[in-house]
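These notes concern the structure reproduced below.
Side chains are part of it too, since the values below use all heavy atoms of this structure and drop only hydrogens, waters and symmetry mates. We number each residue from 1, following the sequence as shown.
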Amino acid sequence: MLRMSHPDHPGGAGRRTLAHRLVPMTGRDPEEPGRAATPLELLFDLTFVVAVGTAATYFAEMLAEGHPGHAVAAFALAMFAISVAWISVSWFASAFGTDDWLYRAMMMLTMIGVVVFALGLPAMFHSVEEADHLELRMMVVGYVVMRVAMVLQWWRAARAAHPYRAVGLANIRWTALVQVGWVVIGFVHLPLAVVIVGVVVLGALELLVPVLTQGGAGGTPWHPHHVAERYSLFAIITLGEGVVGTVASSGDLLGGADGTRWSGTAVAVVVAGVGLTFGMWWVYFATPFGDILAYRRRRGYLFGYGHIPLFMGIAGAGAGLHVAGLRLEHHSELGDIAVTFTLAVPVGLFLLMVYLLHTLLLSAPDPFHLLLISLTLLVLAAAVLLAAAGVALAVCLLVVMLAPFVTVVGYETVGHRHQRRMLDELRARTV
(Lines give C-alpha, C1' and ligand atoms only; values in the text may rest on other atoms or scores of the structure.)
Protein backbone atom coordinates (compact mmCIF):
# COMPACT_ATOMS: atom_id res chain seq x y z
CA MET A 1 0.00 0.00 0.00
CA LEU A 2 1.33 3.42 -0.97
CA ARG A 3 2.14 5.59 2.03
CA MET A 4 3.32 9.15 2.57
CA SER A 5 5.63 10.28 5.33
CA HIS A 6 3.74 11.85 8.29
CA PRO A 7 5.40 12.35 11.73
CA ASP A 8 2.18 12.68 13.67
CA HIS A 9 0.71 9.27 12.90
CA PRO A 10 -0.48 7.41 16.02
CA GLY A 11 1.57 4.39 15.06
CA GLY A 12 4.71 5.86 16.57
CA ALA A 13 6.76 8.94 17.19
CA GLY A 14 8.82 10.34 14.38
CA ARG A 15 6.98 8.19 11.84
CA ARG A 16 4.41 9.89 9.74
CA THR A 17 2.03 7.97 7.49
CA LEU A 18 -0.98 9.03 5.54
CA ALA A 19 -2.85 5.75 5.16
CA HIS A 20 -5.15 5.29 2.18
CA ARG A 21 -7.24 3.06 4.40
CA LEU A 22 -8.62 4.05 7.81
CA VAL A 23 -6.46 4.17 10.93
CA PRO A 24 -8.19 2.76 14.05
CA MET A 25 -9.22 5.64 16.32
CA THR A 26 -8.03 3.95 19.50
CA GLY A 27 -6.62 7.01 21.25
CA ARG A 28 -3.26 8.75 21.05
CA ASP A 29 -0.40 8.30 23.47
CA PRO A 30 -0.68 11.25 25.93
CA GLU A 31 3.10 11.12 26.45
CA GLU A 32 4.04 10.75 22.79
CA PRO A 33 7.41 12.50 22.26
CA GLY A 34 7.60 15.23 19.65
CA ARG A 35 3.82 15.67 19.37
CA ALA A 36 3.11 18.87 17.46
CA ALA A 37 0.29 20.61 15.62
CA THR A 38 -0.38 19.18 12.16
CA PRO A 39 -0.81 21.09 8.88
CA LEU A 40 -4.49 20.08 8.99
CA GLU A 41 -4.89 21.74 12.38
CA LEU A 42 -3.23 24.91 11.08
CA LEU A 43 -5.58 24.94 8.09
CA PHE A 44 -8.51 24.38 10.44
CA ASP A 45 -7.47 27.41 12.50
CA LEU A 46 -7.58 29.63 9.42
CA THR A 47 -11.35 29.26 9.22
CA PHE A 48 -11.59 30.62 12.74
CA VAL A 49 -9.54 33.64 11.68
CA VAL A 50 -12.53 34.61 9.54
CA ALA A 51 -14.96 34.19 12.42
CA VAL A 52 -12.80 36.09 14.92
CA GLY A 53 -12.10 38.85 12.38
CA THR A 54 -15.79 39.25 11.56
CA ALA A 55 -16.74 39.44 15.24
CA ALA A 56 -14.00 41.99 15.99
CA THR A 57 -14.93 44.17 13.02
CA TYR A 58 -18.62 44.39 13.89
CA PHE A 59 -17.76 44.89 17.54
CA ALA A 60 -15.57 47.88 16.63
CA GLU A 61 -18.22 49.37 14.34
CA MET A 62 -20.95 49.08 16.97
CA LEU A 63 -18.69 50.65 19.58
CA ALA A 64 -17.84 53.51 17.23
CA GLU A 65 -21.55 54.10 16.60
CA GLY A 66 -22.08 54.65 20.32
CA HIS A 67 -23.73 51.35 21.34
CA PRO A 68 -21.23 49.94 23.86
CA GLY A 69 -23.68 47.80 25.83
CA HIS A 70 -25.12 46.06 22.78
CA ALA A 71 -21.66 45.75 21.23
CA VAL A 72 -20.19 44.00 24.27
CA ALA A 73 -23.15 41.60 24.50
CA ALA A 74 -22.97 40.61 20.83
CA PHE A 75 -19.18 40.29 20.89
CA ALA A 76 -19.23 38.17 24.05
CA LEU A 77 -21.79 35.81 22.50
CA ALA A 78 -19.81 35.54 19.25
CA MET A 79 -16.44 34.93 20.90
CA PHE A 80 -17.92 32.46 23.38
CA ALA A 81 -19.41 30.39 20.56
CA ILE A 82 -16.23 30.60 18.48
CA SER A 83 -14.02 29.60 21.41
CA VAL A 84 -16.18 26.69 22.57
CA ALA A 85 -16.39 25.27 19.04
CA TRP A 86 -12.63 25.52 18.55
CA ILE A 87 -11.90 24.04 21.99
CA SER A 88 -14.06 20.94 21.52
CA VAL A 89 -12.46 20.06 18.18
CA SER A 90 -8.91 20.74 19.36
CA TRP A 91 -9.17 18.59 22.48
CA PHE A 92 -10.71 15.74 20.51
CA ALA A 93 -7.89 15.98 17.98
CA SER A 94 -5.30 15.83 20.75
CA ALA A 95 -6.86 12.62 22.06
CA PHE A 96 -7.99 10.81 18.90
CA GLY A 97 -6.64 12.57 15.77
CA THR A 98 -5.71 10.01 13.11
CA ASP A 99 -5.28 12.29 10.07
CA ASP A 100 -6.61 9.58 7.76
CA TRP A 101 -9.01 10.35 4.91
CA LEU A 102 -12.20 10.06 6.99
CA TYR A 103 -10.82 12.23 9.77
CA ARG A 104 -9.85 14.84 7.18
CA ALA A 105 -13.31 14.70 5.62
CA MET A 106 -14.91 15.35 9.01
CA MET A 107 -12.54 18.26 9.61
CA MET A 108 -13.52 19.71 6.24
CA LEU A 109 -17.18 19.41 7.25
CA THR A 110 -16.36 21.21 10.49
CA MET A 111 -14.63 23.98 8.54
CA ILE A 112 -17.73 24.39 6.37
CA GLY A 113 -19.72 24.83 9.55
CA VAL A 114 -17.30 27.49 10.81
CA VAL A 115 -17.67 29.48 7.58
CA VAL A 116 -21.48 29.25 7.71
CA PHE A 117 -21.35 30.33 11.36
CA ALA A 118 -19.17 33.33 10.44
CA LEU A 119 -21.62 34.32 7.71
CA GLY A 120 -24.32 34.52 10.38
CA LEU A 121 -22.41 36.90 12.64
CA PRO A 122 -23.37 40.16 10.85
CA ALA A 123 -27.10 39.37 11.18
CA MET A 124 -26.66 38.58 14.87
CA PHE A 125 -24.80 41.85 15.55
CA HIS A 126 -27.46 43.80 13.64
CA SER A 127 -30.28 42.17 15.60
CA VAL A 128 -28.58 42.97 18.93
CA GLU A 129 -28.21 46.59 17.81
CA GLU A 130 -31.94 46.73 17.05
CA ALA A 131 -32.62 45.19 20.49
CA ASP A 132 -35.99 43.69 19.51
CA HIS A 133 -34.91 40.12 18.65
CA LEU A 134 -31.85 37.89 18.39
CA GLU A 135 -31.08 36.56 14.92
CA LEU A 136 -29.25 33.27 15.36
CA ARG A 137 -30.48 31.09 12.50
CA MET A 138 -27.40 31.14 10.29
CA MET A 139 -25.10 30.84 13.30
CA VAL A 140 -27.11 27.87 14.57
CA VAL A 141 -26.95 26.17 11.17
CA GLY A 142 -23.17 26.54 11.11
CA TYR A 143 -22.89 25.35 14.70
CA VAL A 144 -25.05 22.28 14.04
CA VAL A 145 -22.89 21.39 11.02
CA MET A 146 -19.79 21.59 13.24
CA ARG A 147 -21.43 19.47 15.91
CA VAL A 148 -22.67 16.85 13.45
CA ALA A 149 -19.05 16.37 12.41
CA MET A 150 -18.05 16.06 16.08
CA VAL A 151 -20.79 13.52 16.76
CA LEU A 152 -19.54 11.40 13.86
CA GLN A 153 -15.98 11.66 15.18
CA TRP A 154 -17.08 10.59 18.66
CA TRP A 155 -19.08 7.69 17.20
CA ARG A 156 -15.97 6.49 15.43
CA ALA A 157 -13.89 6.80 18.61
CA ALA A 158 -16.56 5.02 20.67
CA ARG A 159 -16.50 2.09 18.28
CA ALA A 160 -12.72 1.74 18.07
CA ALA A 161 -11.49 2.85 21.51
CA HIS A 162 -13.20 0.51 23.98
CA PRO A 163 -11.68 2.15 27.10
CA TYR A 164 -13.28 5.43 26.01
CA ARG A 165 -16.56 4.02 24.70
CA ALA A 166 -18.59 5.44 27.60
CA VAL A 167 -17.00 8.87 27.13
CA GLY A 168 -17.72 8.80 23.41
CA LEU A 169 -21.36 7.77 23.76
CA ALA A 170 -21.94 10.34 26.50
CA ASN A 171 -20.49 13.07 24.28
CA ILE A 172 -22.80 12.01 21.46
CA ARG A 173 -25.88 12.17 23.71
CA TRP A 174 -25.11 15.51 25.31
CA THR A 175 -23.91 17.16 22.12
CA ALA A 176 -27.06 16.11 20.26
CA LEU A 177 -29.27 17.29 23.12
CA VAL A 178 -27.64 20.72 23.26
CA GLN A 179 -27.93 21.12 19.47
CA VAL A 180 -31.66 20.43 19.66
CA GLY A 181 -31.84 23.28 22.15
CA TRP A 182 -29.93 25.62 19.83
CA VAL A 183 -32.25 24.77 16.94
CA VAL A 184 -35.28 25.60 19.09
CA ILE A 185 -33.74 28.89 20.23
CA GLY A 186 -32.72 29.83 16.70
CA PHE A 187 -35.78 28.84 14.68
CA VAL A 188 -38.80 28.94 17.00
CA HIS A 189 -40.34 32.39 17.46
CA LEU A 190 -39.91 32.97 21.19
CA PRO A 191 -40.01 36.14 23.30
CA LEU A 192 -36.64 37.87 23.50
CA ALA A 193 -36.38 37.29 27.25
CA VAL A 194 -36.90 33.55 26.75
CA VAL A 195 -34.27 33.51 24.00
CA ILE A 196 -31.73 35.25 26.25
CA VAL A 197 -32.37 32.81 29.10
CA GLY A 198 -32.12 29.92 26.63
CA VAL A 199 -28.78 31.17 25.31
CA VAL A 200 -27.40 31.43 28.86
CA VAL A 201 -28.61 27.92 29.81
CA LEU A 202 -27.35 26.31 26.62
CA GLY A 203 -24.04 28.16 26.93
CA ALA A 204 -23.64 26.77 30.44
CA LEU A 205 -24.42 23.27 29.14
CA GLU A 206 -21.75 23.66 26.45
CA LEU A 207 -19.24 24.35 29.22
CA LEU A 208 -20.49 21.43 31.30
CA VAL A 209 -20.37 18.79 28.55
CA PRO A 210 -16.77 17.74 29.42
CA VAL A 211 -17.74 17.46 33.09
CA LEU A 212 -20.90 15.49 32.33
CA THR A 213 -19.16 13.13 29.93
CA GLN A 214 -15.66 12.66 31.35
CA GLY A 215 -15.89 13.37 35.06
CA GLY A 216 -16.23 9.78 36.18
CA ALA A 217 -14.95 7.95 33.12
CA GLY A 218 -11.25 8.66 33.27
CA GLY A 219 -11.25 11.34 30.61
CA THR A 220 -9.54 11.12 27.24
CA PRO A 221 -5.82 10.70 26.41
CA TRP A 222 -5.05 14.31 25.52
CA HIS A 223 -1.44 15.40 25.14
CA PRO A 224 -0.47 18.34 27.44
CA HIS A 225 2.20 19.86 25.19
CA HIS A 226 0.06 19.42 22.08
CA VAL A 227 -2.92 21.11 23.77
CA ALA A 228 -0.73 23.97 25.00
CA GLU A 229 0.70 24.45 21.52
CA ARG A 230 -2.77 24.47 19.97
CA TYR A 231 -3.88 27.21 22.36
CA SER A 232 -0.75 29.22 21.71
CA LEU A 233 -1.39 29.04 17.97
CA PHE A 234 -4.98 30.18 18.43
CA ALA A 235 -3.71 33.04 20.60
CA ILE A 236 -1.39 34.04 17.78
CA ILE A 237 -4.10 34.11 15.12
CA THR A 238 -6.31 36.08 17.50
CA LEU A 239 -3.43 38.50 18.11
CA GLY A 240 -3.51 39.04 14.36
CA GLU A 241 -6.58 41.17 14.98
CA GLY A 242 -4.24 43.65 16.64
CA VAL A 243 -2.32 43.99 13.39
CA VAL A 244 -5.59 44.31 11.47
CA GLY A 245 -6.73 46.96 13.92
CA THR A 246 -3.44 48.83 13.51
CA VAL A 247 -3.80 48.92 9.73
CA ALA A 248 -7.42 50.01 10.07
CA SER A 249 -6.36 52.71 12.53
CA SER A 250 -3.56 54.20 10.45
CA GLY A 251 -4.55 53.66 6.82
CA ASP A 252 -6.47 56.91 6.36
CA LEU A 253 -4.05 58.92 8.50
CA LEU A 254 -1.37 58.93 5.82
CA GLY A 255 -1.18 62.17 3.88
CA GLY A 256 -0.44 62.87 0.25
CA ALA A 257 -1.83 61.26 -2.86
CA ASP A 258 0.57 58.34 -2.56
CA GLY A 259 0.20 57.96 1.22
CA THR A 260 3.83 58.72 1.98
CA ARG A 261 3.40 61.79 4.19
CA TRP A 262 3.32 60.36 7.65
CA SER A 263 2.01 62.54 10.45
CA GLY A 264 3.11 62.16 14.04
CA THR A 265 -0.30 60.69 14.84
CA ALA A 266 0.05 58.02 12.16
CA VAL A 267 3.49 57.03 13.45
CA ALA A 268 2.21 56.88 17.03
CA VAL A 269 -0.74 54.70 16.05
CA VAL A 270 1.46 52.23 14.16
CA VAL A 271 3.96 52.03 17.03
CA ALA A 272 1.18 51.65 19.60
CA GLY A 273 -0.67 48.96 17.63
CA VAL A 274 2.33 46.82 16.77
CA GLY A 275 3.95 47.39 20.17
CA LEU A 276 0.77 46.40 22.02
CA THR A 277 0.33 43.25 19.93
CA PHE A 278 3.97 42.30 20.41
CA GLY A 279 3.83 42.95 24.14
CA MET A 280 0.72 40.78 24.57
CA TRP A 281 2.43 38.00 22.61
CA TRP A 282 5.50 38.24 24.83
CA VAL A 283 3.42 38.05 28.00
CA TYR A 284 1.44 35.01 26.86
CA PHE A 285 4.50 33.00 25.84
CA ALA A 286 6.31 33.76 29.09
CA THR A 287 4.25 31.00 30.74
CA PRO A 288 5.24 27.40 29.84
CA PHE A 289 1.70 26.06 29.82
CA GLY A 290 2.75 22.72 28.32
CA ASP A 291 5.19 21.99 31.14
CA ILE A 292 2.59 22.96 33.73
CA LEU A 293 -0.15 20.80 32.20
CA ALA A 294 2.19 17.82 32.11
CA TYR A 295 2.09 17.88 35.92
CA ARG A 296 -1.41 19.33 36.28
CA ARG A 297 -3.54 17.18 33.99
CA ARG A 298 -6.52 17.49 36.35
CA ARG A 299 -6.56 21.22 35.67
CA GLY A 300 -6.98 20.78 31.94
CA TYR A 301 -10.59 21.97 32.16
CA LEU A 302 -9.52 25.15 33.95
CA PHE A 303 -6.82 25.77 31.36
CA GLY A 304 -9.12 25.01 28.43
CA TYR A 305 -12.16 27.09 29.27
CA GLY A 306 -10.23 29.69 31.24
CA HIS A 307 -8.86 30.82 27.91
CA ILE A 308 -12.26 32.00 26.68
CA PRO A 309 -12.10 35.43 28.41
CA LEU A 310 -8.41 35.57 27.51
CA PHE A 311 -9.24 35.14 23.80
CA MET A 312 -11.98 37.76 24.20
CA GLY A 313 -9.42 40.18 25.59
CA ILE A 314 -7.02 39.61 22.71
CA ALA A 315 -9.67 40.05 20.01
CA GLY A 316 -11.20 42.97 21.91
CA ALA A 317 -7.85 44.76 21.91
CA GLY A 318 -7.72 44.49 18.13
CA ALA A 319 -11.23 45.91 17.95
CA GLY A 320 -10.19 48.71 20.30
CA LEU A 321 -7.39 49.71 17.95
CA HIS A 322 -9.91 49.77 15.11
CA VAL A 323 -12.18 52.04 17.15
CA ALA A 324 -9.25 54.37 17.79
CA GLY A 325 -8.66 54.60 14.06
CA LEU A 326 -12.31 55.42 13.41
CA ARG A 327 -12.10 58.16 16.05
CA LEU A 328 -8.96 59.66 14.56
CA GLU A 329 -10.63 59.62 11.13
CA HIS A 330 -13.70 61.36 12.64
CA HIS A 331 -15.96 58.35 12.01
CA SER A 332 -16.84 57.62 15.63
CA GLU A 333 -19.48 58.87 18.03
CA LEU A 334 -17.19 58.14 20.97
CA GLY A 335 -14.92 60.69 22.61
CA ASP A 336 -11.25 60.17 23.40
CA ILE A 337 -11.96 58.94 26.94
CA ALA A 338 -14.36 56.25 25.77
CA VAL A 339 -12.03 55.22 22.93
CA THR A 340 -9.09 54.84 25.30
CA PHE A 341 -11.35 52.85 27.62
CA THR A 342 -12.40 50.47 24.81
CA LEU A 343 -8.75 49.57 24.33
CA ALA A 344 -7.63 49.57 27.97
CA VAL A 345 -10.39 47.23 29.18
CA PRO A 346 -9.69 44.25 26.86
CA VAL A 347 -5.94 44.65 27.36
CA GLY A 348 -6.51 44.58 31.12
CA LEU A 349 -8.79 41.53 30.78
CA PHE A 350 -6.12 39.66 28.82
CA LEU A 351 -3.36 40.44 31.31
CA LEU A 352 -5.51 39.58 34.31
CA MET A 353 -6.43 36.21 32.78
CA VAL A 354 -2.78 35.36 32.07
CA TYR A 355 -1.88 36.03 35.71
CA LEU A 356 -4.96 34.21 36.99
CA LEU A 357 -4.31 31.10 34.90
CA HIS A 358 -0.65 31.09 35.94
CA THR A 359 -1.61 31.28 39.62
CA LEU A 360 -4.43 28.72 39.53
CA LEU A 361 -2.55 26.18 37.42
CA LEU A 362 0.53 26.31 39.63
CA SER A 363 -1.39 26.77 42.92
CA ALA A 364 1.37 29.19 43.83
CA PRO A 365 0.43 32.86 44.29
CA ASP A 366 3.38 35.21 44.03
CA PRO A 367 3.43 38.65 45.74
CA PHE A 368 5.63 39.86 42.89
CA HIS A 369 2.78 39.11 40.49
CA LEU A 370 0.45 41.25 42.57
CA LEU A 371 2.94 44.08 42.26
CA LEU A 372 3.20 43.68 38.49
CA ILE A 373 -0.53 43.48 37.85
CA SER A 374 -1.12 46.48 40.13
CA LEU A 375 1.42 48.52 38.16
CA THR A 376 -0.19 47.32 34.93
CA LEU A 377 -3.63 48.48 36.01
CA LEU A 378 -2.13 51.82 37.05
CA VAL A 379 -0.68 52.26 33.55
CA LEU A 380 -4.08 51.53 31.97
CA ALA A 381 -5.82 53.89 34.37
CA ALA A 382 -3.23 56.56 33.59
CA ALA A 383 -4.05 56.28 29.90
CA VAL A 384 -7.74 56.92 30.60
CA LEU A 385 -6.92 59.83 32.94
CA LEU A 386 -4.67 61.38 30.32
CA ALA A 387 -7.52 61.20 27.83
CA ALA A 388 -9.79 62.89 30.38
CA ALA A 389 -7.18 65.62 30.80
CA GLY A 390 -7.28 66.35 27.07
CA VAL A 391 -4.03 64.68 26.05
CA ALA A 392 -3.94 63.61 22.38
CA LEU A 393 -5.47 60.21 21.70
CA ALA A 394 -2.30 58.98 19.99
CA VAL A 395 -0.35 59.59 23.21
CA CYS A 396 -2.99 57.72 25.22
CA LEU A 397 -2.65 54.76 22.86
CA LEU A 398 1.11 54.75 23.43
CA VAL A 399 0.53 54.66 27.19
CA VAL A 400 -1.83 51.67 26.82
CA MET A 401 0.89 50.01 24.77
CA LEU A 402 3.18 50.12 27.81
CA ALA A 403 0.83 47.98 29.93
CA PRO A 404 2.02 44.51 28.84
CA PHE A 405 5.64 45.63 29.00
CA VAL A 406 5.32 46.02 32.77
CA THR A 407 5.03 42.24 32.85
CA VAL A 408 7.72 41.77 30.21
CA VAL A 409 10.27 43.80 32.19
CA GLY A 410 9.25 42.15 35.44
CA TYR A 411 9.54 38.66 33.98
CA GLU A 412 12.86 39.21 32.23
CA THR A 413 14.49 40.76 35.31
CA VAL A 414 13.04 38.91 38.30
CA GLY A 415 9.94 36.93 37.37
CA HIS A 416 11.65 34.19 35.38
CA ARG A 417 13.50 33.08 38.51
CA HIS A 418 10.24 32.99 40.49
CA GLN A 419 8.62 30.94 37.76
CA ARG A 420 11.52 28.48 37.63
CA ARG A 421 11.27 28.01 41.39
CA MET A 422 7.52 27.36 41.14
CA LEU A 423 8.03 24.77 38.40
CA ASP A 424 10.76 23.04 40.39
CA GLU A 425 8.47 22.85 43.41
CA LEU A 426 5.64 21.50 41.23
CA ARG A 427 7.90 18.77 39.84
CA ALA A 428 9.08 17.87 43.34
CA ARG A 429 5.49 17.53 44.59
CA THR A 430 4.44 15.29 41.72
CA VAL A 431 7.47 12.98 41.49
**Prompt:** What class does the angle between the rings of Tyr143 and Phe117 fall in, given that below 30° is parallel, 30 to 60° is tilted and above 60° is perpendicular?
**Reply:** tilted
**Prompt:** When rounded to the nearest 0.5 angstrom, what distance separates CZ in Arg421 from CG in Leu362?
**Reply:** 10.5 Å
**Prompt:** Rounded to the nearest 0.5 Å, what separation is found between the CG atom of Leu385 and the CG atom of Leu380?
**Reply:** 11.0 Å
**Message:** Ignoring hydrogens and geometry beyond distance, is a side-chain donor-acceptor pair present between Ser363 and Arg299 at under 3.5 Å?
**Reply:** yes
**Request:** Report the relative orientation of the aromatic rings in Trp281 and Phe278; use parallel for angles under 30°, tilted for 30 to 60°, perpendicular for over 60°.
**Result:** tilted
**Message:** Salt bridge or not between Asp29 and Arg35? Use side-chain N to carboxylate O under 4.0 Å.
**Reply:** no
**Asked** Which is it for Tyr164 and Phe96 under the ring pair (Phe, Tyr, Trp, His ring centres under 6.0 Å) test, yes or no, and what are the steps along the way?
**Response** CA-CA 10 Å; Tyr164 309 108; Phe96 297 105; 5.7 Å; yes
**Derivation and outcome, side-chain contact (heavy atoms from CB on, under 4.5 Å), residues Val347 and Phe350** = CA-CA 5 Å; Val347 171; Phe350 163 77; 5.7 Å; no
**Item:** Pair His126-Glu130, side-chain donor/acceptor within less than 3.5 Å
**Value:** yes
**Request:** Ignoring hydrogens and angles, state whether a donor on the side chain of Ser94 or His226 is under 3.5 Å from an acceptor on the partner side chain.
**Result:** yes
**Request:** Check Pro288 against Gln419 and note the closest heavy-atom contact, atom names and distance.
**Result:** CD-OE1, 3.3 Å
**Request:** Kindly give the heavy-atom pair with the smallest separation between Val399 and Ala383, and that separation in Å.
**Result:** CG1-CB, 3.8 Å
**Message:** Pairing donors with acceptors under 3.5 angstrom, does anything connect the side chains of Ser88 and Arg147?
**Reply:** yes
**Message:** For His307 and Phe311, take the angle between the two ring planes, folded into 0 to 90°, and tell me which bin it lands in: parallel under 30, tilted 30 to 60, perpendicular over 60.
**Reply:** tilted
**Prompt:** Do Ser83 and Tyr305 have a side chain donor and acceptor closer than 3.5 Å?
**Reply:** no
**Prompt:** Can the positive tip of Arg297 be found less than 6.0 Å from the middle of the six-membered ring of Trp222, inside 45° of the ring normal?
**Reply:** yes
**Request:** Please check if the distance between the ring centroids of Phe125 and His67 is under 6.0 Å.
**Result:** no
**Message:** ring pair (Phe, Tyr, Trp, His ring centres under 6.0 Å) for Tyr284 and Phe289? Distances and angles first, verdict last.
**Reply:** CA-CA 9 Å; Tyr284 183 86; Phe289 286 117; 5.4 Å; yes
**Item:** Phe341 CZ: over 12 foreign heavy atoms closer than 6.0 Å
**Value:** no
**Request:** Find the distance between CG (Leu397) and CG (Leu386) and round it off to the nearest 0.5 Å.
**Result:** 11.5 Å
**Prompt:** Considering all heavy atoms of both residues, which atom of Trp182 and which atom of Val199 are nearest to each other, and what is their separation?
**Reply:** CH2-O, 3.9 Å
**Asked** Which heavy-atom pair separates Pro30 from Pro224 by the least distance, and what is that distance?
**Response** O-CD, 3.4 Å
**Asked** Below 4.0 angstrom, N of the basic side chain to O of the carboxylate: do Arg427 and Glu425 qualify?
**Response** no
**Message:** Check this for me, if you would: do Glu333 and Arg327 make a salt bridge, where the nitrogen-to-carboxylate-oxygen distance has to be below 4.0 angstrom?
**Reply:** no
**Exercise: identify the closest heavy-atom pair between Ala55 and Leu121** = N-CD1, 4.1 Å
**Item:** Plane angle bin for Phe368 and His418 - parallel if under 30°, tilted between 30 and 60°, otherwise perpendicular
**Value:** tilted
**Asked** Which heavy atom of Met422 sits nearest a heavy atom of His358, and at what distance?
**Response** SD-CE1, 3.7 Å
**Between Trp86 and Tyr231, ring centroids under 6.0 Å** = yes
**Request:** Report the distance from atom CE of Met150 to atom OG1 of Thr110, rounding to the nearest 0.5 Å.
**Result:** 7.0 Å
